[in-house]
Undergrad: 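Submitted below is the structure of interest, expressed as structure tokens.
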Amino acid sequence: MTPRHVSLLMRSGLTFVALGALTFVGSLVVDSGFVHGAFQGVTVALMVGGAYLLGRRVWSSDADPDEDGMWLPSRDGADER
């Protein structure tokens, strides 16, 4: 991924989490009914979406191009043998 895509994922993820926090506060204001449930549903959807985008950003930037990308326990200490 290019640095532009990585920063877009970070901004989008943080925006989703912030909007999720705002809709959570909105769900506290509305006591009952359809609108309260809609606020709760939107809160969950935004928080899950934000967590996905932030996780994708974290995992995509940690990949070392010289390696296979992920650390394997079986390769830990392989140079010592």
Side-chain angles (χ1 to χ4, degrees):
M1 292 187 136
T2 63
R4 181 176 177 185
H5 288 105
V6 170
S7 67
L8 178 64
L9 286 173
M10 182 65 135
R11 281 187 307 212
S12 300
L14 290 175
T15 301
F16 275 32
V17 170
L19 288 173
L22 286 174
T23 57
F24 174 72
V25 171
S27 74
L28 295 176
V29 173
V30 179
D31 288 337
S32 64
F34 174 78
V35 177
H36 178 72
F39 271 115
Q40 286 182 336
V42 170
T43 298
V44 170
L46 286 171
M47 291 290 190
V48 168
Y52 169 76
L53 290 173
L54 289 173
R56 185 167 173 205
R57 187 257 183 228
V58 167
W59 285 106
S60 68
S61 66
D62 286 344
D64 188 4
D66 297 332
E67 297 278 334
D68 292 335
M70 299 296 288
W71 170 76
L72 298 173
S74 60
R75 292 188 185 167
D76 193 23
D79 296 333
E80 297 172 3
R81 294 181 189 170

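Quick caveat: nothing in here was measured; it's all calculated off a predicted structure.
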Undergrad: How far apart are the closest heavy atoms of R57 and L9, and which atoms are they?
TA: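 Shortest heavy-atom contact: CB-CB, 3.9 Å.
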
Undergrad: State plainly whether one hydrophobic cluster holds both L14 and V17, where clusters connect Ile, Leu, Val, Met, Phe, Trp and Tyr through side-chain heavy atoms under 4.5 angstrom apart.
TA: yes

Undergrad: For the hydrophobic clusters of this structure (ILVMFWY residues joined by side-chain heavy atoms under 4.5 Å, transitively), does one cluster hold both L22 and L46?
TA: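 Hydrophobic grouping puts L22 with L46.
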
Undergrad: Taking side chain to side chain contact (heavy atoms under 4.5 Å, CB included) as the test, write out the residues that go with V35, two or more places apart.
TA: V30, F39

Undergrad: The criterion is side chain to side chain contact (heavy atoms under 4.5 Å, CB included); which residues satisfy it with T15, sequence neighbours excluded?
TA: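 Only L19 meet the side chain to side chain contact (heavy atoms under 4.5 Å, CB included) criterion with T15.
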
Undergrad: How long is the span from the NE2 atom in H36 to the CG atom in L28, to the nearest 0.5 Å?
TA: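 Answer rounded to 0.5 Å: 8.0 Å.
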
Undergrad: Determine the minimum heavy-atom distance between S12 and L53, stating which atoms define it.
TA: CB-CD1, 3.8 Å

Undergrad: Go through the structure and list residues passing side chain to side chain donor-acceptor pair (under 3.5 Å) with T43, not counting sequence neighbours.
TA: T23

Undergrad: Are Y52 and F24 joined in one hydrophobic group, where the rule is that I, L, V, M, F, W and Y side chains link up if heavy atoms are under 4.5 Å apart?
TA: no

